[in-house]
Amino acid sequence: MTTLMELLEFDDVDPIKCIYHRPIGSKYVMPHWHDAIEVVYVEKGDPGTMYIEGQKYDLHQGDVYIINTRLIHSFDTVILPNQRVVTLLVSYNWLQHCLPKTIKEKSFELIKAPKKDNQTIAFSQLVELINAIKDSCSHDESEDDRLYQLSLEIQLIRVLVNNFMVNKTVKSEVPEVIPQIIEQFQRDYQKDIQLSTVAKEYNYSYAYFSKFFKKYLGISPKKYLTFLRVQKAAEMVEETDDKFSKIATDTGFPDEKSFYAAFKARYGQTPYEHRQSHSTS
């Protein structure tokens with residue numbers, strides 16, 4: 001079950017995981033957080049939008065974002081062949097173990113591009129290292145390849161620490177009730193959730209509840225729940241041979257018609273077309 005906190009597993013040595021997002025069309029990543037520093041590099045194109053703690057950022061070619069640990073963030077993107085995004089996840093436990101004093105007193109800061117002139121060279125080095133790590137991860141690994149990849153990762157962390165940290169700690173500004181509501185949605189999305197009832201459980205009117213939720217996550221609770229169900233349905237479409245009527249029921253849609261409409265609105269194709277495109281990719 002997907003939860004608000006994404007559980008990431010790092011091995012004892014390797015501090016970085018690299019994800020090179022393939023062109024799969026529309027991709028919505030639900031609001032989540034994790035015990036890692038996330039580095040997002042827009043290698044090519046203008047793939048869409050990112051939210052960090054409710055703040056909206058339009059993604060453009062050449063942008064680099066550093067997302068500090070435990071900050072709620074999400075992505076609403078369309079990744080086509082002329083668009084590429086690279087994500088690096090840096091283990092927070094590794095940083096705490098190797099750089100305890102630095103990590104305790106400082107946080108990372110980089111949104112889009114460097115703010116100071118003296119960061120320009122470091123920014124170019126950072127982009128170069130991101131690309132090198134991406135390329136090294138796609139190769140068959142000999143022991144020498146492994147050593148080279150680890151050396152690149154340590155160099156990247158050194159560039160980040162020496163050039164893109166500030167003397168302040170960062171804490172999530174999202175009220176604790178938001179994660180509670182999201183966890184409830186994640187737990188019960190297969191059920192008939194009445195949002196007005198959920199609002200009353202937290203002593204909110206529905207109007208205030210919807211506005212409050214959207215302020216921090218960038219989308220209304222109704223849209224969040226629909227996106228969550230569609231995302232779960234897409235996973236089942238891609239990974240199983242289940243009938244679409246069963247998938248609709250298992251992901252909380254009231255009927256097959258509403259499932260088809262929500263799925264096509266989100267992915268630009270029917271569930272059948274989506275399954276066919278993934279079976280041939």
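Heavy atoms from other residues, nucleotides or ligands lying under 6.0 Å from OH of Y206 number more than 12. The neighbour count for H60 NE2, taken as heavy atoms of other residues, nucleotides or ligands under 6.0 Å away, is above 12. Within a 6.0 Å radius of CG in D117, other residues, nucleotides and ligands contribute 12 heavy atoms or fewer. Surrounding CD1 of I121 are at most 12 heavy atoms belonging to other residues, nucleotides or ligands under 6.0 Å away. For K44, the NZ atom sits in a packed shell: over 12 heavy atoms of surrounding residues, nucleotides or ligands are nearer than 6.0 Å. More than 12 heavy atoms of other residues, nucleotides or ligands lie within 6.0 Å of NZ in K112, so this atom counts as buried by the packing criterion.
Of all heavy-atom pairs between D188 and I193, the closest is O-CD1, 3.3 Å. Contact record, Q83 with D46: NE2-O, 3.4 Å, taken as the closest heavy-atom pair.
Here the side chain of Q119 pairs a donor or acceptor atom with the backbone of K115 at under 3.5 angstrom. Using a distance-only test at 3.5 Å, with no hydrogens or angles considered, a donor-acceptor pair links the side chain of Q190 to the main chain of D250. In this structure, D35 contributes its side chain and Y92 its backbone to no donor-acceptor pair below 3.5 Å. In terms of modelled atom types and a separation under 3.5 Å, the side chain of D63 and the main chain of L59 share no donor-acceptor contact.
Test H34, Q55, E53 against H73 for side-chain contact (heavy atoms from CB on, under 4.5 Å) and you get one pass: H34. Remark: of the listed residues H274, R275, Q276, H274 is the sole one forming a side chain to side chain donor-acceptor pair (under 3.5 Å) with Q269.
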Practice problem: Give the C-alpha distance, both sets of side-chain angles, the deciding distance and a yes or no for side chain to side chain donor-acceptor pair (under 3.5 Å) between Q184 and E201. | Solution: CA-CA 11 Å; Q184 182 176 349; E201 291 175 6; 3.1 Å; yes

Before you tell me yes or no, could you show the steps for K264 and E273 under salt bridge (charged side-chain N to carboxylate O under 4.0 Å, His left out), namely the whole-Å CA-CA distance, both residues' side-chain angles and the distance that decides it to 0.1 Å? CA-CA 10 Å; K264 187 162 187 178; E273 292 167 340; 5.4 Å; no

Set out, in order, the CA-CA distance, both residues' side-chain angles and the distance that settles salt bridge (charged side-chain N to carboxylate O under 4.0 Å, His left out) for E105 and K101, then state yes or no.
CA-CA 6 Å; E105 298 175 354; K101 187 174 186 295; 3.4 Å; yes

Using salt bridge (charged side-chain N to carboxylate O under 4.0 Å, His left out), reason through K246 and D241 one step at a time and then give a plain yes or no. CA-CA 10 Å; K246 181 179 187 303; D241 294 323; over 6 Å; no

Which is it for M30 and Q231 under the side-chain contact (heavy atoms from CB on, under 4.5 Å) test, yes or no, and what are the steps along the way?
CA-CA 9 Å; M30 304 296 295; Q231 181 174 292; 3.2 Å; yes

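A donor and an acceptor atom, one from each side chain of E153 and Q149, are located under 3.5 Å apart.
Ring pair Y202/Y204 is parallel by interplanar angle, where below 30° counts as parallel and above 60° as perpendicular.
Shown here are the side-chain hydrogen bond (donor to acceptor under 3.5 Å, both in side chains) partners of E43, two or more places apart in sequence or in another chain: Y20, K134.
Two residues are said to be in side-chain contact when any heavy atoms from C-beta on lie closer than 4.5 Å; S151 and Q155 meet this criterion. With contacts defined as side-chain heavy-atom distances shorter than 4.5 Å, the pair V161/T102 qualifies.
If you chain together ILVMFWY residues whose side-chain heavy atoms come under 4.5 Å of each other, L147 ends up in a group of its own.
You'll find the ring centres of Y65 and Y57 inside the 6.0 Å limit. You'll find the ring centres of F185 and Y189 outside the 6.0 Å limit. Taking the ring centroids of Y224 and F213, they lie under the 6.0 Å cut-off.
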